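What you see is a predicted model; the values in this text were computed from it and never measured.
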Amino acid sequence: QLQLVESGGGLVQPGGSLRLSCAASGFTLDYYAIGWFRQAPGKEREGVSCISSSGGSTNYADSVKGRFTISSDNAKNTVYLQMNSLKPEDTAVYYCAADRSMHTWCGRGYHLSRSYEYDYWGQGTQVTVSS
């Protein structure tokens, strides 16, 4: 069964950190770019970050640049999103998704903007930033 499973969400105070994981099963990330998206209540889904299949190309939304870091461990078939200096506006359900067609690079205009291009999606993990 082909699936992505996110983990690592939770409740954290402003200024705190969390590390999200996106584990793939049933397929290898060697041929997929991974995107992280988030959706807050009443808001549209937002592309947060992406990484190419090799890990050599990454990109970030302006809202998280300098605070979030995406990385991959293809041996573990897992992608991570390290989130530092968290703010209340980062509160959302975070999803990871896998894209095969454009996996050798990662661009804001494609991977962070075209969520409909992705082939597989995880179930999401809740991140709440509150004091």
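Put simply, L2 and L29 are part of the same group of oily side chains (I, L, V, M, F, W, Y) that touch within less than 4.5 Å, one to the next. Hydrophobic clustering (ILVMFWY, side-chain heavy atoms < 4.5 Å, transitive): W121 and V93 are in one cluster. L18 and I70 fall within the same hydrophobic cluster, defined by Ile, Leu, Val, Met, Phe, Trp and Tyr side-chain heavy atoms under 4.5 Å apart, directly or through other members. Under the 4.5 Å side-chain contact rule for hydrophobic residues, V79 and L81 share a cluster. In the hydrophobic clustering of this structure, F27 does not group with M102; members are Ile, Leu, Val, Met, Phe, Trp, Tyr whose side-chain heavy atoms approach within less than 4.5 Å, directly or through other members.
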Verdict with supporting geometry, T91 and Q126, side chain to side chain contact (heavy atoms under 4.5 Å, CB included): CA-CA 8 Å; T91 296; Q126 175 71 47; 4.0 Å; yes
The test is salt bridge (Lys or Arg N to Asp or Glu O under 4.0 Å); show your working for D90 and R38 and say whether it passes. CA-CA 9 Å; D90 294 318; R38 67 186 181 186; 2.9 Å; yes
Any chance you could lay out the side chain to side chain contact (heavy atoms under 4.5 Å, CB included) test for T128 and V12, step after step, and finish with the verdict? CA-CA 6 Å; T128 303; V12 64; over 6 Å; no
Please lay out, stage by stage, how Y110 and S101 fare under the test side chain to side chain contact (heavy atoms under 4.5 Å, CB included). CA-CA 11 Å; Y110 181 89; S101 62; 3.2 Å; yes
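Between the side chain of E6 and the backbone N or O of C96, at least one donor-acceptor pair lies under 3.5 Å. Under the 3.5 Å distance criterion, the side-chain polar atoms of D119 are matched with a main-chain donor or acceptor of R100. Remark: the backbone N or O of H103 is paired with a side-chain donor or acceptor of S53 at under 3.5 angstrom.
In this structure, OG on S72 lies 9.0 Å from CD1 on I34, to the nearest 0.5 angstrom. Separation of atoms CG (L112) and OG (S49) is listed at 6.5 Å; rounding is to 0.5 Å. Atom OG of S54 is separated from atom CH2 of W105 by 13.5 Å, given to the nearest 0.5 angstrom.
The minimum heavy-atom distance linking Y118 with A33 is given by the pair CE2-O, 4.3 Å. The shortest heavy-atom contact between L20 and G9 is CD2-N, 3.6 Å. The nearest pair of heavy atoms linking L86 to R67 is CA-NH1, 3.9 Å. Here the closest heavy-atom approach between residue S52 and residue C106 is recorded as N-CB, 3.9 Å. Here the closest heavy-atom approach between residue H111 and residue D99 is recorded as NE2-OD2, 3.6 Å. Between G47 and A61 the shortest heavy-atom distance is O-CB, 3.4 Å.
Between S130 and P88 there is no side-chain heavy-atom pair separated by less than 4.5 Å. Counting heavy atoms from C-beta outward, V129 and Q13 have side chains that stay 4.5 Å or more apart. In this structure, the side chains of S21 and Y80 come closer than 4.5 Å at one or more pairs of heavy atoms. A 4.5 Å side-chain heavy-atom check between N77 and T28 finds at least one atom pair inside the cut-off.
Enclosure of atom CD in E44 is not indicated, since only 12 or fewer non-hydrogen atoms of other residues, nucleotides or ligands lie within 6.0 angstrom.
For the residue pair T78 / D73, no side-chain donor-acceptor distance below 3.5 Å is found, with atom types taken as modelled. The closest side-chain donor-acceptor pair between S57 and N59, if any, does not fall under 3.5 angstrom. Looking only at atom types and distance, the side chain of S63 has a donor-acceptor partner in the side chain of E46 under 3.5 Å away.
Between Y94 and F37, the ring center distance fails the sub-6.0 Å criterion.
Figure legend: cation-pi geometry between R19 and W36 absent, as NZ or CZ is not positioned both under 6.0 Å from the six-membered ring centre and within 45° of its axis. Geometrically, R108 does not engage Y60 in a cation-pi contact defined by less than 6.0 Å to the ring centre and at most 45° from the axis.
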